[in-house]
Structure formats: structure tokens, C-alpha cells
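So the structure is just underneath, and the comments pick up after that.
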Amino acid sequence: MRPSLLDPLFASLSSLPGIGAKMGELYARLLGRESIEDCRIIDLIFHAPSAVIDRRKQPGIAYAPQGSIVTVTARVDRHQPPPRGNANVPYRVFLQDDTGEMALVFFRAKGNWLEKSLPIDETVMVSGKVDWFNGRVSMVHPDHVARLSEGQSLPLIEPVYPLTAGLSPKVLRKTIEAAAERVPDLPEWIDESLIKQQRFPQTADALKQLHHPEDEKDIDPQCSTRRRLAYDEFLAGQISLALVRSRLRKVPGVPVRPTGLLAKKVTDALPFSLTSSQSAAIADILADMAGEDRMLRLLQGDVGSGKTVVALMAMIAVVEAGGQAVLMAPTEILARQHLATLSQMARGTGVEINILTGRTKGRERDEILERIADGKAQILIGTHALFQDSVNYQNLQLAVVDEQHRFGVHQRLRLTSKGLSPHMLVMTATPIPRTLVLAAFGDMDVSKLTEKPAGRKPIQTVIVPGERLEEIVHRLQTAVAEGRKVYWICPLVEETEESNLMSVEERHAVLSQFFGKQVALIHGRMSGPEKDAVMAGFKRGETRLLVATTVIEVGVDVPDATIMVIEHAERFGLAQLHQLRGRVGRGSEASSCILLYSGKLSQNAEARLKIMRETEDGFLIAEEDLRLRGEGELLGTKQSGTPGFAIASLEAHGDLLEIARKDSHYLLDRDPELQSPRGEAIRVLLYLFRRDEAIRFLKAG
Ligand code: ADP
Ligand code: MG
């Protein structure tokens, strides 16, 4: 149960004044939640300002520097409404102080409102950006106007928040102000010595100060307010991960004792020999599974590094030992592809491999469920459907999760809450830097596939402006005529009004004029069987140019596709570009990647494309990505809704993460059930940062 002192923070956001249905939608969007029902007051409190506007400069009208934000105290001298019938001329109000005269400029203003707020001869304070032109100074649409005789004032320092379209900064500021007032006193959950050493303020104070910056320094991630909150956030994360982990570990694993007979059949039949890092990873996994503790291992390997076969060897070992293994993929396409490749690789073994996804229905589904329940289904491939309540395993010993960055801790908890406690192997193609592994997964063992399978040729990457599209198309015609296969990626499914991004459908239509029936189209709105058919046609070579949205991003394997065109490459993040490019360069033929961009590149976009051109090293790309974009997107938290970090930033607060990790170990060693006074306070912390799922695992939860 959530400690009642947090109730005010967990009240619905709509309980704040001024948040009705329409505003609610905006706030939900702002906070990245489905609907206003999911938004709590605490969520808004964690919405930190990203900048401050400093309005303290009050130089006097004549000395206000061009383009700067100043505050002016002056007397209203006269009004100059626009001439009748000419709404394009602005309404001007002239102010005077000891140093000179300034015009306040209002476009399409209501005269009577201006007469009321700026009456002649009244002394007012206004703040905004000044503009000098032809020796005259003006201020267009001042941000604030206050009448001194009425005791009004304006903020001299103002926090600036990330916004969403339709939500005005003023309204947001007021709402956050109201939210911040609800912060109650909180117990202290960290050691006094650490507080002293780090000069941390108390959390409740930090939450309030967060929204009352006094100058630039208070926005800096290194200010004590933010460092305190970052520490709290890391600590909550580390403790919840540690609880989950200790719980997972407590359930003793079933030691897996493989015979090696089936494994030998598989390796003998492979058309290649394993790389040494593949062999090493397999050895790590077998050693883990042979022990009493349950395995929790991350297999990191760049796109195309050959993770699938490692997964197969792990699953085969379990089958040899008489258990069942599942492989969970993030999408239907991937699950089906895994089914195809794994069945092929395991052909000579007689092992039964089945698939279970959301699309498995009716009789087929019943039959598979039955085979899972009586243990006949030995290896099972699928999507989330693998862990629905209706699925009962006879003897599940290993769960492999592919492309983990799409899954959250949530899914992992879901598994264990079903009472299942298999060994876990998590595979990711995003080469996550160690700090991130730590933050997202806690202490996990890691195996890395460092070399690419032998015989791979480097991918040549070029950056090309969209104007040269035709030239590209002509070159592709030659390439296709030579029998090559091309992916063509467009960012969106539908053209929207506000963007003129090329839609896949339109691009498909245009390319069809050049390539006829050799062009195929695949996107997220298509049904599963439709997608399968398209992929199969492309794989078999009936079609040679596949126009796609990012549905093909993850894992699709067509080794003889050698050209990747990415349209609007400037819109993609580095990690995503790397993933996409990884679809080519998988066979023995030389591959190329063409990054098309439109318009003028921002500095950041240019940097991303250049990195892509210069390297294929996934680790380097991940590090650069972290540097350029921040860690949330790298982990794909946006898409999956994995709880990211509100305040903490790994770049800025990496030192704190390390301390938090040690602190959490220290605490849980002494008080594993969180029953000491500090433990009680820690429970509050877990709820505060919404990391409370783990509390269920405590005896006295
Ligand atoms: P990923 O790590 O991206 O999941 P895959 O497992 O899909 O990579 O492997 C990519 C391709 O490399 C597949 O076609 C696979 O058969 C092939 N492959 C895997 N291991 C080797 C190897 N040791 N030598 C040659 N090819 C390999
Ligand atoms: Mg893969």
C-alpha cells in the first residue's frame, strides 16, 4: 500500500484547478501518457524547467540592448490604435521613462483590453524582448504587463518548461506552481554522511526549488537540487532492480545438464563455423545454466553479429536436459522469421519448434496450448502472447528475449509474477554502454559478440540531398537489373498536414513507375499475413525493391539485400539509423547505404549522418548517440513506455549512479525486507518515483 503521506502527490492531475477534458488531453500528451487518468500530480512535478528567463535587467529604455529581454518601469504616455479598417497595422502604446520612449506593439489586439491594462499616465512594469529600428525602440507583445498602482508585479526570474502544442507557458507555469505546493514533508532515506558529503538538500525542498530557479545555475544538472533528485531517482531504480533480481535469484534455478548430442547435430549442419565470440557466449550461458543460481544474462551483439544461433544453442541445451525454452520477439514478423531460421538450423534434430503469437487462433491455438502444457512443444517462438495467462508450461527452463531494448522491466516482472522462474537470456542489438546497462537492468551478466561473422564486406554509406533523388533512382534501376535487392525506408505511414514527409504509399506509387511489379510495399498498418506475404516475396526475389516504414527496423534477415535507401534520414536517431543499415551487409556481397536528407540540416542531424558515414562500429555509434541525444531515446523508452528517468541523466550524474548502486547493496544486505526505519523511508522513495512494483516481492509488502 502506498504510504498515505504521498496521497496529495498521487491525486489525479485533473484535481488541479483548470484541468478539464480538453486541457487534460494536452497534459497527457505533455507527460507522454495515454490519458489524463494516468497523470498524477507527481508526474507534473517531475516536469522540470529546461531554462530560465532572466528579467532582472532594468537598464532604462534608452539603454536596453537590441534583442535582449529587459524589464521596463515607465509611464504610459499615449495610445495609437490602428486606422479603422486596417487590421494589419498594429496597435501601439507609448511608454516613457527618464531615459526615453518605447512603443509596445500589439498585432490584432483588442483596444479595450489595452486601455484597461495600460491606462494613460499609469506607471507600469513590462517585460519582453526589445527591438531597435531606425533609432526607435519597441517591444512586440510584451510577455508581462503589470500595473504598479494595483500592486501587481511580474516575475523577474521565470522557469521555462518543455511545452506541447496548444499549451501556453503561462498556463503550464501556473499549474505546476499549484502542483508543487502539494509536496508534503518526506522522511529522509539517505545516510546523513552522504547528504553532508554531497551537500544534498532534502527531497521535498528539492522538488519545490526545482520550479523556483533563481538563475541559470539552478537549471544546471549539477546544481544540488537536481543532483539530489537524480540520486533519489537512481537509488529508487537500483533498489527496485535489486529486489527483482534477488527475488529472481532466490528461486533456485533448475541446473541444466545438457548431453551435447543435439547441439552437435546442429553445429555439424551449420553452413558456417561459429565465431569465437559466439562460442564464448554459448559457453558462458551453459556454465550459468548448469549452476544453482538462475541465469540473468545480457547478450549484446551488433546487428548481424549472429545472436540467433547463440540463442538456438542455449535452447537446444535445455531441450537436451528435458526442459522447454521460449524465444520472445518484439514483433510478429520477427517471430515468424525466427521460426523459419531456427527450424532450418535445427532440421536434423527432431526438436519440435512451434510459434505462438496474437495471430495464433482457434483450433491451432488450442492444440499448441495443449502441447505446451504436456511438454511436447520443446521450443516455442512468439511475441508477448507467450506469457498470457492461458499459457501453461510443463517445464519452462529458459526464456530468451530478443531485442530487449523494446521491453521493459515490467515484462520481466510479469513473467515472474506468473510463477515462472526460467533462466533468462536477453539479447540486444543496441550496444548499450555499461552505465546504461546498469541503470536499466541492474547488475546483469553480459556476453558480447564482438566480431562480425567472417566474410562480411563493409557497407559504404553516402549522404545525399533529396534533390538528387532521380539520379539515385536511375542508379537503382541499374542495380536491380543486375539482380540486386533494395530496401527503401520512409519515416511515416501517412502524409500529415503539418509535415510534408513523403508517405510510403506515395513513394511506392512513384517508384512503381520506374520499377513496375518489382516494387513491394510494407508498413505497420498492414495485417500480419499481408506483411508475411510481402516479406516472403522479397526474400524469394519476386520483388526487388521493398518500400517500407520502420517495421523492418528490427532483425529482419534477407542476406542478399545489399542496398539501403533511407529517406529523410535527418529525422531518424542514430540508433535507429544503425539498426536500419544493419539490414544490409549481411551476405557476402558488398553493400551500400544511401542517406537521403531534405532541406537544411541542423547541426545535430549533420553530426548524426556524418557518424553514420564514418563508422559501422555499433559501440561507437551508441556512445555518440548518448552524447547527441540523451539516453532515454537510446533505450527506446519512448516507444515502449519503459519508465525512463525524469531528472537523472547518465551523462551528468553517472557518478551518482555508482554511489546509488553501492548504497542499494549496502541497504538490502542489512535490511532485505525494508523494515528498518530507513527501509520504511525507502518504501516512500520507491512509490515517489513509481518504482514500487518491486515492493510486491517483499514479505511485508
Ligand atoms: P543478429 O545478431 O542481428 O540477430 P543474426 O543472428 O540474424 O544476427 O545473423 C545474421 C546472419 O549471419 C544470419 O544470416 C546468420 O545465419 C549469419 N551468421 C551467424 N553466425 C555466423 C557465422 N559464425 N558465420 C557466418 N555467418 C553467420
Ligand atoms: Mg536478431
Side-chain angles (χ1 to χ4, degrees), residues 1-13 15-16 31-33 38-49 176 178-191 194-195 198 200-212 221 224-244 408-410 413 439-440 442 632 637 641-649 653 656-657 659-661 663-664 667-668 671 673-698 700-701:
M1 274 276 283
R2 188 175 58 227
S4 58
L5 85 134
L6 291 179
D7 288 350
L9 296 180
F10 281 81
S12 165
L13 197 55
S15 67
L16 287 176
L31 299 172
R33 308 221 171 232
D38 303 335
C39 301
R40 313 271 139 210
I41 286 179
I42 185 68
D43 299 329
L44 196 59
I45 293 177
F46 283 132
H47 191 69
I176 291 183
E181 278 167 18
R182 307 269 178 109
V183 175
D185 280 343
L186 296 166
E188 186 52 80
W189 42 73
I190 50 186
D191 264 355
L194 184 63
I195 292 180
Q198 295 285 340
F200 281 151
Q202 290 188 351
T203 299
D205 293 336
L207 286 172
K208 291 177 204 156
Q209 278 162 27
L210 184 66
H211 300 288
H212 294 115
S224 62
T225 307
R226 295 202 179 207
R227 278 178 65 84
R228 166 75 212 232
L229 296 174
Y231 186 79
D232 286 348
E233 191 165 30
F234 280 144
L235 186 63
Q238 290 299 303
I239 288 179
S240 104
L241 286 166
L243 288 176
V244 173
V409 181
H410 287 307
L413 287 171
T637 51
T642 307
F645 293 95
I647 307 289
S649 142
H653 307 125
L656 295 178
L657 175 60
I659 304 175
R661 192 172 66 96
D663 197 8
S664 72
L667 174 81
L668 292 174
D671 182 16
E673 300 291 329
L674 299 182
Q675 278 163 333
S676 65
R678 186 176 177 208
E680 291 288 338
I682 290 284
R683 289 175 189 235
V684 176
L685 170 72
L686 292 177
Y687 278 102
L688 186 67
F689 282 91
R690 295 195 161 201
R691 298 291 161 97
D692 50 283
E693 309 100 328
I695 289 182
R696 284 194 274 130
F697 292 148
L698 298 173

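F689 places none of its side-chain heavy atoms less than 4.5 Å from the side chain of I42. Side-chain contact check for L657 versus Q238: some heavy-atom pair is nearer than 4.5 Å. Proximity of R2 to V684: side-chain heavy atoms (C-beta onward) are nowhere separated by under 4.5 Å. At least one side-chain heavy atom of P187 sits under 4.5 Å from a side-chain heavy atom of L5. In this structure the side chain of F46 reaches within 4.5 angstrom of the side chain of L207, judged on heavy atoms.
The minimum heavy-atom distance between I239 and L668, with the atom names listed, is O-CD1, 4.2 Å. Shortest non-hydrogen contact noted between A206 and P201 is CB-CG, 4.1 Å. Of all heavy-atom pairs spanning L16 and R182, the tightest one is CD2-NH2, 3.5 Å. The two residues L210 and P49 have their closest heavy-atom pair at O-CG, 3.2 Å. The two atoms that bring A180 and H211 nearest to each other are CB-CD2, 4.2 Å, heavy atoms only. Nearest approach of R226 to P221, heavy atoms of both residues: CB-O, 3.6 Å.
Aromatic ring orientation, F234 versus H653: perpendicular (interplanar angle above 60°, classes split at 30° and 60°).
Taking CG from L656 and CZ from R227, the interatomic distance works out to 4.0 Å, rounded to the nearest 0.5 Å. Between the OG atom in S664 and the CD1 atom in I659 there is a gap of 12.0 Å [rounded to 0.5 Å]. A distance of 10.0 Å separates CD1 in I190 from CD in Q202, rounded to the nearest 0.5 Å. Between the OG1 atom of T225 and the NZ atom of K208 there is a distance of 12.5 Å, given to the nearest 0.5 Å.
Ion pair R678/D663 flagged as a salt bridge, since at least one NZ, NE, NH1 or NH2 atom sits closer than 4.0 Å to an Asp/Glu carboxylate oxygen.
Listed for the D671 side chain is a donor-acceptor partner under 3.5 Å among the backbone atoms of L674. Between the side chain of R40 and the backbone N or O of L13 there is no donor-acceptor pair closer than 3.5 Å. Side-chain atoms of E673 never come within 3.5 Å of backbone atoms of Q675 as a donor-acceptor pair (strictly under, hydrogens ignored). Judged by distance alone, the side chain of E233 and the main-chain N or O of I647 form a donor-acceptor pair under 3.5 Å.
Atom CD of Q198 is surrounded by more than 12 heavy atoms from other residues, nucleotides or ligands within 6.0 Å.
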Step-by-step side chain to side chain contact (heavy atoms under 4.5 Å, CB included) determination, L6 to L186:
CA-CA 9 Å; L6 291 179; L186 296 166; 3.8 Å; yes
Please test L688 against D232 for side chain to side chain contact (heavy atoms under 4.5 Å, CB included), starting from the C-alpha separation and ending with a verdict.
CA-CA 9 Å; L688 186 67; D232 286 348; 5.7 Å; no
Side chain to side chain contact (heavy atoms under 4.5 Å, CB included) assessment of I682 paired with L235
CA-CA 9 Å; I682 290 284; L235 186 63; 4.0 Å; yes
Could you please spell out the steps behind the side chain to side chain contact (heavy atoms under 4.5 Å, CB included) verdict for S15 and I41?
CA-CA 9 Å; S15 67; I41 286 179; 3.9 Å; yes
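Among residues two or more places apart in sequence or in another chain, the salt bridge (Lys or Arg N to Asp or Glu O under 4.0 Å) test is passed with D43 by R33, R690. Applying the salt bridge (Lys or Arg N to Asp or Glu O under 4.0 Å) criterion to E680, with sequence neighbours excluded, gives no partner residue.
Not less than 6.0 angstrom separates the ring centroid of F10 from the ring centroid of Y687.
A donor-acceptor contact closer than 3.5 angstrom links the side chains of R228 and T203.
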